[in-house]
Amino acid sequence: MPAGRIYLETFGCQMNELDSQLVQGALSARGYSFTPDSDAADVILYNTCSVREQAEQKVWSRLGELKRAKDARPALVVGVLGCLAERDGADLIRRMPVVDILCGPGELDKLPALLDNAVRTRAALPPDSARASARQVALQGSASRRSATLAAAADDLEMLDLSRAISPTDHSGSAYVRITRGCNKFCTYCVVPFTRGAEVHRPPEHIIDECRRLADAGVLEVTLLGQTVNHYRFEHDHATAVAGVTQPQKGRAYKGSHHRDALEGERVTTFAGLLRRIHDEVPSIRRLRFVTSYPRDFGNDVLEVIRDSPRICRYLHVPVQTGSDRMLRAMNRGYTLAEYEEFLARARAYLDAPGRPLMLSTDVITGFPGETDDDHDATMGLLRRARFKNCFIFKYSPRPGTVAFDRLPDDVPGEVKRRRNSELLALQESISDEVSRAQVGLTFDVMVEGVSRKALRESGLTHGEIRRAAGAVALTVAGRTVAESEAHDHACAGEHGCDARSHVLAPAPEGPVQLSGRTDGDQIVFFDAPAGVDAARLIGRILRVRVERAHRLGLHGVITGN
Ligand code: 5AD
Ligand code: SF4
């Protein structure tokens, strides 16, 4: 059996984190082991993101650094997985001869075979000839191959999710479960429909079964994943099975708006129905969350299920992208600002309750082609009114292959993008601060995520070293990135000129161990572990914490019970 030590690094979104976990499970089952030390690895895999150029640049520079390692260790196998591989495969191979394996996000089920081949060929061939001839490639080539053949052939990618290895010891109380893959929206700036392909929905039985197996292994919190989760829809009358396995189903064009309740029948599972079933059928999941919600087609049926299900979190991440109707049209978002704000008001009317506030967050792109000061002011106005818990702000990054790249010149100058970006950030920071302070005095159930780290100042470490350190700590402490660095990575990725050193965290040198966790509104909470208690054992538990003070980055509290 082929074997080797693998260093796997994940860039980008939660979908990628889940893909990496599944890949890790599949490769472990074939005898590979994993190491957090890239120097000790026989195989280096990067699971990449393509959503912004900045995310891609990180991977390019990592690959550049590998040239020397590969010269010293010719048997080293290097694989690029995920969206960058899919979007830019040919160029990657041309510019980066160190790359042996390319595997798009829709082909990850093939990775074990590709890796076995690469390792075997590498061992058999002299180093010079090995490079070109041993290269292993699996890309969709176009977004639709898999979905086009979906009805006729077994969807092997589904098998990767289905055969997920779940062990009681390798989670930190929290897990992701995919409900849909891909996206059909084609927002004009976005590369996702091209890299992850057309939308498909997993059969509800598969999803519920996965939730149950996770709960049986001790997972308390499940986050359902999809690019537009509220479009989830499975029509049982049209279900197909291959070799006894129900197949995922292609997404259809969405027509309904609020009146989706009527669609929920015996033969159709909508998102509302799916949420209700998971909540009711797997009650040992104490927290059920989902990302990402699309602002259109979010029916009252979903809000009612959330309201009536105590274990569903009071947190919605609903990207708005811009507060300007003109820009919304140019982005092909399919809703107006008034419709978006109507949705926020409706969500608050259903879900905001004393002592259990509804928390909302969003994404904004600043400097989209043609954006004027008036458009920017409209976005500022929206942030003032909407009072998001937090907002991830991104400078527009033209992505090859998208409609905006082909048809809309990137005409907002860099300095204007930067100025608008900082204005939005400053405004949101003061709002986040106020939203946090309003929680003082409340007591929350807090899911403990990790040992908190204090800011690493004047460390002299580079951004890359800090990131790697944060990753390594997360790996050994909680199996996932600590809350603050996660928030930092997603929110700025170094893009708005922030100094990573003031965000990333290091172990507190002395004193009580500080823990970090989240409320069910997704607010980060810091609190001290009780004296004499092994802090690491609290990770993955849910504790009652009373909030005593707060600022924009989180709440500080004391444990009052569990
Ligand atoms: N430029 C900047 N931000 C983008 N996003 C997606 N594509 C781009 C792009 N080309 C942002 C959107 C999305 C988030 C995941 O990334 O805000 O919601
Ligand atoms: Fe991209 Fe729009 Fe789909 Fe989100 S909904 S993944 S922004 S195309």
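First listed ligand is number 1; within each ligand, the first listed atom is number 1.
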If you take the nearest heavy atom of each of Thr292, Asp363, Val318, which one is closest to atom 13 (C) of ligand 1? Asp363
Checking contacts here: is it the side chain or the backbone of Pro193 that comes within 4.0 Å of ligand 2, counting heavy atoms only? Could be both or neither. side chain
What atoms of ligand 1 come within less than 4.0 Å of a heavy atom belonging to Val51? 7 (N), 8 (C), 9 (C), 10 (N), 16 (O)
Which of the atoms of ligand 2 are close to Phe186, meaning less than 4.0 Å from one of its heavy atoms? 8 (S)
Under a plain distance cut-off of 3.5 Å, with no hydrogens placed, do His376 and Thr366 share a side-chain donor-acceptor pair? no
If only atom types and distance count, is the side chain of Arg346 paired as donor or acceptor with the main-chain N or O of Leu303 below 3.5 Å? no
For a quick check under 3.5 Å, do His201 and Thr180 share a side-chain donor-acceptor pair by atom type? no
What about Phe271 and Phe290, are their ring centers closer than 6.0 Å? yes
If you measure from each non-hydrogen atom of Tyr189 to ligand 2, which part falls under 4.0 Å: side chain, backbone, both or neither? side chain
Does Cys190 bring an N, O or S atom to within less than 2.8 Å of atom 2 (Fe) of ligand 2? no
Classify the contact between Gln321 and ligand 1 as side chain, backbone, both or neither, using a heavy-atom distance cut-off of under 4.0 Å. side chain
Do the numbers put Lys185 on top of the ring of Tyr294, so that NZ or CZ is under 6.0 Å from the six-membered ring centre and no more than 45° off the axis? yes
If you scan protein heavy atoms around atom 4 (Fe) of ligand 2, the nearest is Arg333 NH1, 4.5 Å
Taking 4.0 angstrom as the limit and counting only heavy atoms of Arg399, give me the atoms of ligand 1 inside it, by number and element. 10 (N)
Flag for Arg333-Tyr189: side-chain donor and acceptor within less than 3.5 Å: yes
Mind checking whether Tyr396 has an N or O less than 3.5 Å away from an N or O of ligand 1? no
At a threshold of 2.8 Å, where the distance has to be below it, does atom 3 (Fe) of ligand 2 have an N, O or S atom of Cys187 nearby? no
Polar contact flag, side-chain donor to acceptor under 3.5 angstrom, Asp433-Ser436: no
Keeping the roles fixed (side chain from Arg314, backbone from Ile306), state whether a donor-acceptor pair exists under 3.5 Å. yes
Verify, without hydrogens or angle tests, whether Arg420 (side chain) and Glu371 (backbone) share a donor-acceptor contact under 3.5 angstrom. yes
Looking only at protein heavy atoms, which one is nearest to atom 3 (Fe) of ligand 2, and how far off is it? Cys183 SG, 2.2 Å
Determine whether the side chain, the backbone, both or neither of Tyr189 has a heavy atom under 4.0 Å from any heavy atom of ligand 1. both
